[in-house]
Amino acid sequence: MIKDKRINKIEEYIKEHKSVSLDELMEVFKVSKNTIRRDVQELVERDEFKKVYGGVAVKDEDQTAKLEPFQDRQVRHQKEKKIIAKAAAQFINDGDIIFIDSGTTTIELIEYLKEKNVTVLTNNLDFILRALPFENLSIISTGGLLERKTNSFGSIKYIDFLNAYNIKKAFMASTGVSLTNGVTNASPLESELKTAVVNRSIESYLLIDHNKFDKYGLMTYCTLDNIDYLITDQMPSQTYKEYIEANDIKLVLAEEG
């Protein structure tokens, strides 16, 4: 295959798959790694694509996730959010001290904690309200300023507060995840808290549906390699799988039923 035709085919392939690894391109187009690297570099220089860990991805400004009202986000992908929360709940045991982040996926954890005896630190207003009937759940609010778009509390005094607690497991949400921008969030009020929680917790669990990959919000609160468990509903692309394996992240695929 002549070079120009091959590069056009590679361009179509990347656009179709959004994000691919160099190894995958080598296999599909039957060329050496050096050839693929040169071809990818030429595509990147056209400013439509960007290099990511071990591969290349579509460079799309529309991938920037904006802060939307909680109610608008809650109605999307409800089935996926429920099965992800159910998969995450299996890691929560009686006696655990956990953090539950704000988010429309993490709120679904309440359905699977009704019979468990755990202490929950949270900035999630909806979780606090739904937990009221269950005396077995000890709830500690982070407090602070109410962010109405996310139904969560925000403050600049999280670190001193969190240092008082030994958080065993943190169940985190994200506006979007990418290899270049890490784990991101659209609310500046929440980002400091999220960073402090990930740093403070023994284990961090990221709960995201497949639509969150290759999206990013206003602020990065941690890199993806700071996460211990990634829980999602579909197998991510080969590029992400290679990154997950290389950084010893445990991938959990939630299944219905």
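Predicted model only: the values in this text are computed from it and were never measured.
Note on L129 and I139: same hydrophobic cluster, where clusters join Ile, Leu, Val, Met, Phe, Trp and Tyr whose side-chain heavy atoms are under 4.5 Å apart, directly or indirectly. Linking ILVMFWY side-chain heavy atoms closer than 4.5 Å, directly or via other members, places I97 and I202 in two distinct hydrophobic clusters. Cluster annotation: L207 is not connected to Y112 through the hydrophobic network of ILVMFWY side chains, with a link wherever side-chain heavy atoms come within less than 4.5 Å. Taken together through direct or relayed side-chain contacts under 4.5 Å among Ile, Leu, Val, Met, Phe, Trp and Tyr, I7 and V44 form part of one hydrophobic cluster.
Pairing each heavy atom of S174 with each of I208, the nearest pair is CB-CG2, 4.0 Å. D209 approaches E80 most closely through the heavy-atom pair CB-CB, 4.2 Å. The two atoms that bring L251 and P236 nearest to each other are CD2-CD, 4.0 Å, heavy atoms only. Across every non-hydrogen atom of I167 and F99, the tightest pair is CG2-N, 3.9 Å. For the pair V118 and N93, the tightest heavy-atom approach, listed with the atom from each and the gap, is CG1-O, 3.2 Å. Contact between S191 and M219 at its shortest, heavy atoms only, is OG-CB, 3.5 Å.
Residues V197 and D101 have side chains not in contact (no heavy-atom distance under 4.5 Å, counting atoms from C-beta outward). For the pair L253/M235, a side-chain contact is recorded, criterion being any heavy-atom separation below 4.5 Å from C-beta on. The shortest distance between side-chain heavy atoms of I92 and F171 falls below 4.5 Å. Residues S21 and Y240 have side chains not in contact (no heavy-atom distance under 4.5 Å, counting atoms from C-beta outward). Counting only heavy atoms from C-beta outward, the side chains of S141 and F153 approach each other to under 4.5 Å. Contact of the F49 side chain with the E11 side chain is registered, since non-hydrogen atoms from C-beta on lie closer than 4.5 Å. Within the 4.5 Å cutoff, the side chain of T195 has no heavy atoms near those of the C222 side chain. Between L113 and I100, some side-chain heavy-atom pair lies under the 4.5 Å cut-off.
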Is there a side-chain contact (heavy atoms from CB on, under 4.5 Å) between T175 and L218 once you walk through the steps?
-> CA-CA 9 Å; T175 304; L218 179 64; over 6 Å; no
Tell me, with the steps shown, if L224 and N247 meet side-chain contact (heavy atoms from CB on, under 4.5 Å).
-> CA-CA 9 Å; L224 190 53; N247 289 278; over 6 Å; no
Run the side-chain contact (heavy atoms from CB on, under 4.5 Å) check on T122 and I128 step by step: do they pass?
-> CA-CA 8 Å; T122 187; I128 294 169; 3.6 Å; yes
Take I10 and I36, measure what side-chain contact (heavy atoms from CB on, under 4.5 Å) needs, and give me the verdict at the end.
-> CA-CA 9 Å; I10 293 172; I36 279 296; 4.0 Å; yes
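Using a 4.0 Å cut-off between a side-chain N of Lys or Arg and a carboxylate O of Asp or Glu, K241 and E245 do not qualify as a salt bridge. Using a cutoff of 4.0 Å between basic side-chain nitrogens and carboxylate oxygens, D23 and K33 are scored as salt-bridged. Salt bridge annotation for E108-K82: present, with a cationic side-chain nitrogen under 4.0 angstrom from a carboxylate oxygen.
Of the possible donor and acceptor atoms, none in the side chain of S201 sits under 3.5 Å from a partner among the backbone N and O of E203. No donor-acceptor distance shorter than 3.5 angstrom exists from the side chain of T184 to the backbone of V177, with no hydrogens or angles considered. Side chain of T220 to backbone of N181: a donor-acceptor contact under 3.5 angstrom is found. Looking at T105, its side chain never comes within 3.5 Å of a backbone N or O of K81 through a donor-acceptor pair. Counting only distance, with no hydrogens or angles, the side chain of R200 and the backbone of Y165 share a donor-acceptor pair below 3.5 Å. Between the side chain of D233 and the main chain of A254, no donor-acceptor pair closer than 3.5 Å is present. Using a distance-only test at 3.5 Å, with no hydrogens or angles considered, no donor-acceptor pair links the side chain of N117 to the main chain of G95. With K194 contributing its side chain and N185 its backbone, the two residues share no donor-acceptor pair below 3.5 Å. Side chain of N226 to main chain of T223: a donor-acceptor pair is present (N/O by atom type, distance under 3.5 Å, no hydrogens or angles).
The aromatic rings of Y205 and F91 lie tilted to each other, with the angle between the two planes from 30° to 60°.
With a 6.0 Å radius and a threshold of 12 heavy atoms from other residues, nucleotides or ligands, Q41 has its CD atom above the threshold. Dense packing is recorded around CG of D94, with more than 12 heavy atoms of other residues, nucleotides or ligands lying under 6.0 Å away.
Between the CD1 atom in I107 and the CG atom in N151 there is a gap of 9.0 Å [rounded to 0.5 Å]. Between the CD1 atom in I227 and the NZ atom in K250 there is a gap of 12.5 Å [rounded to 0.5 Å]. In this structure, the separation between OG1 on T232 and CD1 on I83 is 8.5 Å, given to the nearest 0.5 Å. Note that CG of L193 and OG of S102 are 8.0 Å apart. Values are rounded to the nearest 0.5 Å. The structure places NZ of K169 at 3.5 Å from CG of D96, a figure rounded to the nearest 0.5 Å. Distance check: L137 CG to R130 CZ gives 13.5 Å after rounding to the nearest 0.5 Å.
Checked options M172, E190, E192; the residue passing with Y221 is M172 (criterion: side chain to side chain contact (heavy atoms under 4.5 Å, CB included)).
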